[in-house]
Visitor: 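After the structure tokens below, expect a handful of questions from me.
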Amino acid sequence: MMRPTRNKMPPPGTPLGSRTPGLLGGNNRTPLVNGRTPARPTPLRTPKQRTNSESTKTKDPVEVFCRVRPNEDPDAETCIRVISNTQIQLSPPSVSKAFATGKETQYSFKGIFGEGANQSEVFQRVGLPLVEDLVKGDNGLLFTYGVTGSGKTHTMQGTLEDGGIMNRVIDVLFNSVSNQQTRKYRVLPDRLNGFEITSDADAAQSRQTELINNMKAGRGRKVNSSNPDLSGRVSEEHKLNVDEDYQYAVFISYVEVYNNYIYDLLDNPEKDIVTGKPKLLSKALREDSYRNMFVGGVTEVEVKTPEEALQTYFKGQKQRKVAQTVLNLQSSRSHSIFNIRLVAVPYDHMGEDIMTDPAVMVVSQLALVDLAGSEKTSRTGNTGERLAEASKINQSLMTLRSCIEMLRENQQTGGSKMVPFRDSRLTHLFRNYFEGEGKVKMIVCVNPRVGDFDENVNVMKFAELTQEVEIERPQVVRFDLGMTPGRRRGNQIFREAMKRVEAEGVQIERDDEKPLLYFLSNEWPSLELTQCDQDDVLPRLVSFLKKRIETRRTLCEDSTESHSRFRSMLVKQEEELILLRSQNISINSQLDKEKKKTGSLEKRLAHAESANRSLNEEVASLKDTKTLLENDLDEMELLLSAEQKDKMKAKQKYRQQLISTKEKLEQEHYRRNQIERRKQQESQAKVMEKLHELNQIFAGNDENIENGAVASARAKFTVSDPDLTLAQERQARRRSRSPLKASSSDPRLSLNPVAPGSARKPSSVAVANNRHRRSRSAGVDHWLDHQSKLSVPLDTIFQPSPLKRRKSVTKIEERDLINSKVNKYLLTTQNQLEDGNIETKLYKGNVIPTCSGGRQVVLNDVEVLHQESPDGKTSPKKRSFEEYRGISDRIADLQERCGQAIEGNPLTPALTRAKSKRSRV
């Protein structure tokens with residue numbers, strides 16, 4: 001199907017000297033200029049940005065109306081009272097925090113619709129002026145704003161018996177243009193924020209194709225009972241006057257903004273490659289060369305009747321996001337935008353068909369926006385998906401409020417702060433309206449129930465603030481196409497008159513190619529004589545005839561000049577025809593040759609087109625898949641970010657629990673240590689008391705002790721000698737086996753005596769590789785020191801022998817062992833024992849090559865170091881050698897005194913020598 005060439009400078013549908021406000025902002029009407037047809041429309045230039053200095057332009061404030069929803073219970077308490085047609089009052093109820101102040105607030109709006117107002121009154125006051133601007137070529141935007149459950153959707157949609165603003169706008173529009181609509185598919189959207197005009201033949205072929213497709217689809221189609229029956233619908237009868245020299249086409253699009261994504265509700269859902277369920281693809285916002293925003297790739301349906309328009313609306317309504325909440329059974333979870341675009345195309349000079357130049361089209365638009373209601377989680381109790389939807393709704397409404405406040409501040413202070421339209425797709429889409437591309441109106445819906453008082457106050461404040469914003473009135477430059485106004489109607493009347501004359505038998509020669517409206521002068525003056533002395537009839541007739549003769553002479557001269565000009569053009573065309581005939585003969589011979597070449601090229605072209613078609617289909621499928629994957633990726637990123645936030649919160653929570661638990665354990669451990677220490681001190685004090693008593697007893701006796709008592713005391717003293725000898729022998733054997741120094745705090749390597757029954761098992765012998773043993777005189781050893789980052793410093797009495805050449809690592813890797821210089825390995829570990837002491841073990845070994853060419857570590861020695869706890873607590877089973885020596889001295893002293901006190905015998909030589917030694921000391 002052939003399509004007309006698109007104008008490159010102005011987009012299709014752009015009137016001369018006007019701006020295109022985009023998919024949601026139409027063009028302005030272009031009338032005619034001075035009775036002359038311009039030879040060619042001049043290219044458009046992008047208009048410059050408006051500045052603050054342009055104060056001479058007319059501005060209109062945003063018109064805000066308020067509608068009060070009827071209360072479900074007439075006897076229930078209300079918080080709203082309508083004072084007049086323009087004022088409303090809010091009184092704080094007893095359940096509100098503001099009830100203590102008792103302050104009542106009043107708000108003023110353009111109009112107030114009380115609880116008794118019907119849909120017709122709201123439409124006549126708000127909707128009808130927008131339809132009048134629409135048919136005149138101006139744009140309009142209408143918001144419904146309020147708390148959830150306040151009646152916004154009912155105000156916009158209504159019912160079949162009592163339609164809302166949208167239904168009545170459709171009825172009035174088709175009542176006005178029903179007799180002047182273009183044939184279907186004569187005007188087509190180019191999906192680039194414009195329209196193009198097709199030929200009548202192409203439009204007829206498209207209509208026939210649509211009819212065949214509908215017949216095929218209707219054979220197996222079931223009756224769709226989900227759509228409401230429109231037979232009983234009550235329509236609006238109002239009708240507006242429209243320009244008779246234009247034909248009109250009505251296009252409808254329906255989109256929603258859900259979770260800050262734009263979805264086309266008239267689009268067919270596609271199967272999700274992940275879930276396998278049908279899913280709508282999100283649309284992107286686009287900006288044309290005139291900085292007008294529109295939804296890229298949106299579906300625009302041409303409708304010819306109100307019923308067809310409503311059926312299209314119900315089709316999109318099925319895919320809109322609606323859910324049940326605590327406050328509303330059918331709560332809108334998205335912002336819906338029902339858009340009506342009216343395309344006006346002028347008739348040609350004959351008044352028979354429309355003009356095919358897209359530059360003469362006039363596109364106007366009306367956007368009806370049903371905003372989702374603001375919600376508080378404390379009232380709705382939403383969780384999960386409903387909570388995320390409410391968050392996005394409140395966020396977009398807050399962005400709208402921020403834009404309104406910034407516009408108001410710039411206008412009042414003369415500033416130029418940036419308005420954050422891009423923070424939300426809703427405000428970004430309607431940016432052109434706030435910049436002066438059409439009228440903006442708002443209906444604030446409120447619920448008088450006492451539970452909505454606090455939210456109604458915020459809504460009223462925002463609405464009153466919106467009234468102070470002024471929208472610049474669009475200054476449209478209107479041009480004339482040079483054709484007679486009313487030409488279509490005049491030509492129809494003239495043809496009917498000519499048919500009547502020919503029916504009476506009068507033959508009239510006329511040329512159908514010339515304009516039918518051709519008059520010498522106005523109507524003849526009245527020639528009736530009402531009085532006998534009336535002399536002004538003849539002078540008036542003479543004057544009229546003179547003007548008529550002068551006009552006839554002018555027309556005859558014009559006709560003669562036209563005839564002569566036509567004759568000269570005809571002679572010239574005849575001469576050119578003779579030359580063209582001679583050239584035609586030579587060209588025909590060349591044409592035959594070219595036809596043969598063309599045939600071969602056409603075959604090649606057919607193959608190339610088929611290949612190109614298959615490639616285009618593949619590219620389209622890949623693009624769709626990419627779009628689906630990108631959407632899924634965005635959703636997964638959102639989920640991932642939410643999970644990461646939850647993990648961080650849980651980690652912080654467990655960390656705090658761990659710190660608190662650690663502090664509790666430390667306090668408990670400290671408390672138990674204090675108790676144990678107190679018990680030890682008490683037991684030690686008791687022992688000291690007993691020893692003190694024994695000393696006093698033995699100090700007062702000078703008699704000798706019985707030989708049996710001396711023998712028993714001597715046996716007690718010598719019972720530890722075998723253990724002492726055994727410990728010394730063990731220490732000597734370990735020193736001879738290990739070349740390193742040992743710590744005095746290690747019970748296995750210490751010189752201190754070991755208590756009976758507390759001997760530990762000997763440590764296992766380190767495994768050594770006897771096949772490979774390096775000589776001690778092979779040179780200086782290179783050590784690989786492997787220890788932890790958080791090692792406790794060694795404060796033991798004995799320190800390990802220093803490593804002259806070593807490489808310290810905290811994590812051993814393959815390249816550390818492959819290094820040929822390393823021949824020694826040292827592993828340091830530290831553990832805390834039950835008594836609070838720290839045990840440090842040094843595992844030493846050789847790094848030797850393997851049979852397969854690698855290197856291995858063979859451990860051959862272990863060195864153990866012990867560090868005592870700072871609180872001085874030691875094991876009760878361990879005693880140092882000095883403690884044993886002190887005990888032996890005290891036992892010897894007791895034996896001596898007991899022997900003198902009991903028997904009166906002299907002391908033994910051994911005891912005498914011990915006493916003499918003590919006395920010398």
Visitor: For K439, does the NZ atom have more than 12 heavy-atom neighbours from other residues, nucleotides or ligands under 6.0 Å away?
Guide: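 Incorrect, the count does not exceed 12.
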Visitor: If only atom types and distance count, is the side chain of Q181 paired as donor or acceptor with the main-chain N or O of K304 below 3.5 Å?
Guide: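 Pair found, side chain donor or acceptor close to backbone of K304.
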Visitor: Between Q180 and Y246 (side chain of the first, backbone of the second, donor and acceptor by atom type, cut-off under 3.5 Å), is there such a pair?
Guide: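 A pair under 3.5 Å: yes.
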Visitor: Measure up the F462 and Y145 rings against each other and bin them: parallel (under 30°), tilted (30 to 60°), perpendicular (over 60°).
Guide: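 Aromatic pair F462/Y145 classed tilted.
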Visitor: Should the ring pair F143 and F430 be called parallel, tilted or perpendicular, given that the plane angle runs from 0 to 90° and is split at 30 and 60?
Guide: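 Correct class here is perpendicular.
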Visitor: Can any side-chain N or O of R191 pair as donor or acceptor with the backbone N or O of G297 at less than 3.5 Å?
Guide: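 Answer holds: yes.
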Visitor: With a 3.5 Å distance limit and no angle check, can you tell me whether Q119 reaches the backbone of H154 through a side-chain donor-acceptor pair?
Guide: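 Pair found, side chain donor or acceptor close to backbone of H154.
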Visitor: Backbone N or O of V172 within a donor-acceptor pair of the E237 side chain at under 3.5 Å?
Guide: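 No; judged by distance alone, with no hydrogens or angles, the pair does not exist.
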Visitor: Sub-3.5 Å donor-acceptor pair from the side chain of E236 to the main-chain atoms of I170, do we have one?
Guide: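 Checked: no pair found.
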Visitor: Does a sphere of radius 6.0 Å around CG in N118 hold more than 12 heavy atoms from other residues, nucleotides or ligands, not counting ones at 6.0 Å or beyond?
Guide: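 Counting other residues, nucleotides and ligands, CG of N118 exceeds 12 neighbours.
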Visitor: I'd like to know whether CZ of R408 has more than 12 heavy-atom contacts from other residues, nucleotides or ligands below 6.0 angstrom.
Guide: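 Yes, CZ of R408 has more than 12 neighbouring heavy atoms, counting only those of other groups under 6.0 Å.
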Visitor: Using only atom types and a distance under 3.5 Å, with no angle test, would you say the side chain of T427 pairs donor to acceptor with the backbone of F421?
Guide: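 Yes; at least one donor-acceptor contact below 3.5 Å.
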Visitor: Check whether more than 12 heavy atoms from other residues, nucleotides or ligands sit under 6.0 Å from atom NZ of K184, and answer yes or no.
Guide: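 Enclosed: over 12 neighbouring heavy atoms sit under 6.0 Å from NZ of K184.
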Visitor: Taking side-chain contact (heavy atoms from CB on, under 4.5 Å) as the criterion, tell me which of L465, V446, T105 meets it with M460.
Guide: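 Only one option passes, and that is V446.
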Visitor: Any side-chain to backbone donor/acceptor pair from N410 onto G414? Under 3.5 Å, distance only.
Guide: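 Side chain of N410 to backbone of G414, a donor-acceptor pair under 3.5 Å: no, none is there.
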Visitor: Counting heavy atoms not belonging to K110, are there more than 12 under 6.0 Å from its NZ?
Guide: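 Atom NZ in K110 is not crowded, with 12 or fewer foreign heavy atoms closer than 6.0 Å.
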Visitor: Centroid separation under 6.0 Å, is that true for the rings of F338 and Y313?
Guide: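 Yes: the rings meet the under 6.0 Å criterion.
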Visitor: With a cut-off of 6.0 Å (strictly less than), are more than 12 heavy atoms of other residues, nucleotides or ligands near CG of N85?
Guide: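 Counting other residues, nucleotides and ligands, CG of N85 stays at 12 neighbours or fewer.
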Visitor: Do the side chains of E300 and R341 get close enough for a salt bridge, i.e. N-O under 4.0 angstrom?
Guide: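 A salt bridge is present here (some side-chain N lies under 4.0 Å from a carboxylate O).
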Visitor: Kindly indicate, with the supporting measurements, whether the criterion ring-ring contact (aromatic ring centres under 6.0 Å, His included) is fulfilled by F65 and F109.
Guide: CA-CA 6 Å; F65 301 85; F109 299 102; 9.3 Å; no
Visitor: Is the backbone of G296 close enough, under 3.5 Å, to the side chain of R286 for a donor and an acceptor to pair up by distance?
Guide: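 Absent.
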Visitor: State which residue, out of S334, S336, S282, fulfils the side-chain contact (heavy atoms from CB on, under 4.5 Å) condition with Y258.
Guide: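 Testing Y258 for a side-chain contact (heavy atoms from CB on, under 4.5 Å) against S334, S336, S282 leaves exactly one candidate, S334.
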